[in-house]
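Everything below concerns the one structure shown next.
Chain naming here is simple, since letters A, B, ... match the order of the sequence lines and numbering starts at 1 in each. Here the structure is a predicted model, which is why all the values come from computation and not from measurement. Heavy-atom basis, side chains included; hydrogens, waters and symmetry copies ignored.
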Amino acid sequence: MKDQPAPPLLSNAEIADRLTSLAQLLSTQKENPFKVKAYRRAAETIRALPDSVEDLVRRDVDLTEYSRIGKGISNAIREIVLSGSLRKLESLRSQVTPEVAAINEYPRLDPKRVLRIYKKLKISSIEALKEKLETGEIARTLGVRMDQHVRQALIERREMPLYDAEDVVSAVEEYLLNRCGVSRAEATGDYRRRVEIIPEISFLIETGDFPAVIAKLERYGGKSELLDSGDSRAIFRLSSGTKLTVEAARKEKWGVALIACTGSENHLRKLADAGRNLKDLAKSKQSFPDETAAYTKLGLSFIEPELREGRDEVELAARSSLPVLVRATDIRGELHAHSTSSDGSHTIEQMAAGAREKGYEYLGISDHSQSLKIARGVPVKDLWLQIRFIDKLNQKISGIRILKSAEVDILADGSLDYPDERLRELDYTVCSIHSRFALGKTEQTERILRAMDNRYFTILGHPTGRLLLKRPGYEIDMQRVIEHARKNGCFFEINSSPDRLDLSAENARLSRDAGVKIAISTDAHSIRELDYINWGIDQARRAGLAGGEVLNCLAWPELQRIIKR
DNA sequence: GCCGTTTTCGGCCCGACTGTTTTCAGTCG
């Protein structure tokens with residue numbers, strides 16, 4: 001009998017860290033920035049692989065088959081696996097100062113920035129850096145951006161945007177089904193509720209051999225740490241740092257287990273408080289193959305996963321008065337898309353064809369306004385030409401109407417970036433902030449309120465400017481802005497770009513409660529990005545929005561009537 | 001160093017504004 005191969009010594013993440021460290025040192029050496037980027041990207045590829053890279057190397061698999069790994073990096077990986085180290089990395093480390101070498105132990109830290117902190121705060125070690133981070137001195141003396149950089153690089157960040165979680169979930173799902181012999185696997189928890197930031201991944205599975213599944217999962221990504229395990233539940237730390245919980249359920253109790261694994265703590269507590277005990281269902285002899293059967297037994301109508309946050313959904317379900325949440329098929333058009341006129345990658349005609357392909361009735365072309373130079377903002381005289389061009393195009397094409405719009409910059413003083421006589425020729429506007437994020441809360445709020453006073457202001461684009469896990473967004477008094485929008489007949493956007501999702505579900509709910517309708521827009525810069533709509537729909541559903549509360553679920557004549565001021 | 005429906009070289013956004021780290025790097029889409 002053949003011997004079992006020895007367990008891999010290196011996890012994929014450990015190999016990826018070596019490549020990232022190399023990239024980091026190369027960047028301090030003023031090496032070709034594209035080469036630096038190549039190492040970083042290859043590291044990302046490896047970090048996301050379910051298969052053990054060490055195994056692949058030992059089995060002589062051609063690593064260049066994987067995207068972003070070519071001959072050079074493939075050889076570097078082989079060297080790391082077979083010799084345990086990377087000569088190029090070691091030699092670079094020996095050439096730099098001990099301080100930089102110490103910084104290099106943290107691949108995500110930018111040495112240049114750290115050295116600046118060292119100089120400013122008169123410190124020289126990671127230890128001291130951590131301490132200054134804790135006391136808040138870095139934020140005070142070097143700004144919040146710097147604080148954020150060090151924080152994310154030093155303290156291992158395990159949460160990720162929903163968009164990234166999608167990749168992890170599908171990789172784990174495939175691994176469970178194809179490598180672990182699981183007959184059924186469904187992602188649960190925050191991911192299933194479509195929460196925009198995912199701290200950990202969880203799955204419900206059906207299997208005849210749970211211990212075998214555990215054993216296989218311990219090899220995920222080369223090596224995964226088993227944190228805890230029981231008869232039907234196991235918790236892992238994947239080598240990438242993500243926590244993974246796997247729970248097994250029998251077919252006849254699947255519905256009950258799915259509710260228990262999906263609901264937020266608050267949702268489950270609300271169920272229990274209302275005397276609707278899931279545990280009784282789990283123990284009973286009755287079969288609950290799906291969630292509807294289980295909810296029915298609890299005296300509730302089916303509650304969509306996105307609503308299971310413990311707000312009012314249990315009460316509403318008991319009265320059968322849950323909202324009918326907006327669905328992809330309710331969307332009748334797109335109101336925020338770019339074209340080659342500014343920084344988009346497809347022409348107006350191509351975008352229109354893409355939107356028609358999606359079954360849309362209309363497409364609003366909202367290119368950037370003149371001030372936003374980096375995005376090739378449309379000069380005022382070219383806007384006039386674009387308006388005429390779209391008029392002609394609408395006569396020529398069929399099956400879709402192109403709406404004349406613009407993503408108009410809200411300037412620092414709250415004025416709009418085009419003169420009124422040009423704005424009045426547009427069907428509507430999306431008005432956004434793209435500069436001066438650092439204004440104080442009052443000033444920033446006043447800026448937006450003043451912009452809303454312009455009668456050609458229609459929709460506030462990406463209202464808080466946040467980028468998930470990257471940038472907090474500017475500070476505004478949301479209640480005042482919502483109230484002003486209601487008074488002036490303005491609207492908000494849920495920007496579906498997966499690193500924005502702005503408005504948040506919470507703010508979208510506030511807006512809805514105030515009676516202010518919301519556009520679910522993609523901010524698409526290409527035909528493909530029109531599909532971002534699904535991320536925005538997820539958030540709208542979390543906000544409890546029904547189709548009737550979404551601007552672009554309306555037919556154009558109705559929409560036109562509503563947005564007219 | 002990677003990559004190719006412009007395929008073995010020459011690309012891989014980019015350009016003005018902001019403001020403190022202070023005269024250049026970070027930032028905005």
Side-chain angles (χ1 to χ4, degrees), chain A residues 19-20 22-23 25-46 63-77 86 88-89 110-122 132 137-150 336-345 366-379 406-412 417 430-439 461-462 464-467 470-474 493 495 497-500 502 521-526 529 532:
Chain A
L19 296 179
T20 315
L22 180 58
L25 286 179
L26 288 174
S27 78
T28 64
Q29 306 266 309
K30 298 210 161 82
E31 179 57 270
N32 175 3
F34 296 110
K35 188 194 274 194
V36 173
K37 206 171 173 184
Y39 277 108
R40 293 226 160 94
R41 288 159 60 112
E44 273 173 44
T45 294
I46 290 169
L63 296 177
T64 64
E65 293 292 312
Y66 293 96
S67 71
R68 312 192 285 191
I69 297 176
K71 214 166 172 186
I73 292 180
S74 164
N75 284 333
I77 295 168
L86 186 58
K88 198 165 172 183
L89 176 61
D110 173 12
K112 277 183 276 188
R113 287 200 247 183
V114 174
L115 290 177
R116 219 153 66 211
I117 298 173
Y118 280 5
K119 198 174 156 193
K120 181 92 177 180
L121 301 182
K122 299 187 169 55
K132 297 293 183 191
E137 212 173 323
I138 294 178
R140 270 199 307 279
T141 52
L142 291 123
V144 286
R145 281 272 149 68
M146 194 69 105
D147 181 275
Q148 203 168 16
H149 167 72
V150 177
H336 184 172
H338 295 266
S339 77
T340 46
S341 299
S342 65
D343 59 347
S345 42
S366 309
D367 275 312
H368 287 290
S369 60
Q370 53 187 347
S371 287
L372 203 63
K373 308 283 187 207
I374 188 177
R376 299 197 303 276
V378 179
E407 183 175 11
V408 187
D409 263 47
I410 298 172
L411 303 178
D417 195 23
V430 177
C431 300
S432 311
I433 283 182
H434 291 126
S435 60
R436 302 296 300 271
F437 278 38
L439 288 183
H462 42 72
T464 71
R466 73 171 180 178
L467 292 180
K470 286 185 205 141
R471 185 176 77 193
Y474 34 81
E493 158 183 286
N495 189 297
S497 173
D499 61 352
R500 290 190 184 271
D502 177 19
S521 297
T522 62
D523 205 349
H525 284 67
S526 64
E529 286 181 5
Y532 282 173

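- A:V378 has its side chain out of reach of A:Q370: every pair of non-hydrogen atoms, C-beta onward, lies at least 4.5 Å apart.
- Separation of the C1' atoms belonging to B:dC3 and B:dT8 is 10 Å when rounded to the nearest angstrom.
- For the C1' atom pair drawn from B:dT23 and B:dT18, the interatomic distance equals 13 Å after rounding to whole Å.
- Checking the phosphate oxygens (OP1, OP2) of B:dG1, a side-chain nitrogen or oxygen of A:K88 falls inside 4.0 Å.
- For the residue pair A:D409/A:S371, the side-chain donor-acceptor check at 3.5 Å is not satisfied.
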Mind listing the N/O atom pairs, protein and nucleotides 26-29 of chain B, below 3.5 Å?
from   : atom 1 : to     : atom 2 : distance (Å)
B:dC28 : OP1    : A:R145 : NH2    : 3.3
B:dC28 : OP2    : A:R471 : NH1    : 3.4
B:dC28 : O5'    : A:R471 : NH1    : 3.0
B:dG29 : OP1    : A:R500 : NH2    : 3.2
B:dG29 : OP2    : A:R471 : NH1    : 3.0
B:dG29 : OP2    : A:R471 : NH2    : 3.2
B:dG29 : O3'    : A:H368 : NE2    : 2.9
B:dG29 : N2     : A:I374 : O      : 3.1

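- For the residue pair A:H525 / A:D343, a side-chain donor-acceptor distance below 3.5 Å is found, with atom types taken as modelled.
- Taking atom C1' in both B:dT20 and B:dG26, one finds a spacing of 11 Å when rounded to whole Å.
- Taking atom CG of residue A:L63 and atom C1' of nucleotide B:dG1, one finds them 15 Å apart after rounding to whole Å.
- Counting non-hydrogen atoms under 4.0 angstrom, A:R41 reaches nothing in the nucleic acid.
- Closest heavy-atom contact between A:D523 and A:E407: OD1-OE1, 4.2 Å.
- Only the C1' atoms considered, B:dT21 is 14 Å distant from B:dT27, to the nearest whole Å.
- The distance from atom CD of A:E44 to atom P of B:dC2 is 15 Å, rounded to the nearest whole Å.
- The partner of B:dT8 cannot be assigned: no Watson-Crick or G-U wobble pair with both contacts below 3.5 Å exists in any strand.
- Separation of the P atoms belonging to B:dC2 and B:dT6 is 23 Å when rounded to the nearest angstrom.
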Q. Yes or no on side chain to side chain contact (heavy atoms under 4.5 Å, CB included) for A:R113 and A:M146, after CA distance, side-chain angles and deciding distance?
A. CA-CA 8 Å; A:R113 287 200 247 183; A:M146 194 69 105; 3.7 Å; yes
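- Atom-to-atom, CG of A:L142 to P of B:dA25 comes out at 16 Å; the value is rounded to the nearest Å.
- The separation between A:Y474 atom OH and B:dT18 atom P is 17 Å, rounded to whole Å.
- Separation of the C1' atoms belonging to B:dC13 and B:dG29 is 11 Å when rounded to the nearest angstrom.
- Between A:L411 atom CG and B:dA16 atom P the separation is 18 Å, expressed in whole Å.
- As judged by a 4.0 angstrom heavy-atom cut-off over every strand, A:K119 is placed among residues making no nucleic acid contact.
- The same atom, C1', is picked in B:dG15 and in B:dG1; the two are 27 Å apart, to the nearest Å.
- Residue-level contact check: A:S432 touches neither bases nor backbone, having no heavy atom under 4.0 Å from any strand.
- The nearest whole Å value for the distance from the CG atom in A:D147 to the P atom in B:dT21 is 14 Å.
- Atom CZ in A:R68 sits roughly 9 Å away from atom P in B:dC3 (whole-Å rounding).
- Each of A:A42 and A:K37 lies near DNA chain B, and the nucleotide nearest A:A42 is the one positioned closer to the 5' end.
- Side chains of A:R68 and A:T45: a donor on one and an acceptor on the other come within 3.5 Å.
- Side-chain N/O atoms of A:H434 and A:H462 include a donor and acceptor closer than 3.5 Å.
- A:I69 comes within 4.0 angstrom of sugar-phosphate atoms only, judged by non-hydrogen atoms across all strands, and of no base.
- What separates CG of A:L86 from P of B:dG1 is a distance of 11 Å, to the nearest Å.
- A donor-acceptor contact under 3.5 angstrom links the side chains of A:D499 and A:S497, judged on distance only.
- Between the C1' atoms of B:dC14 and B:dT7, the separation comes to 26 Å (whole Å).
- Among the heavy atoms of the strands, none lies under 4.0 Å from A:S342.
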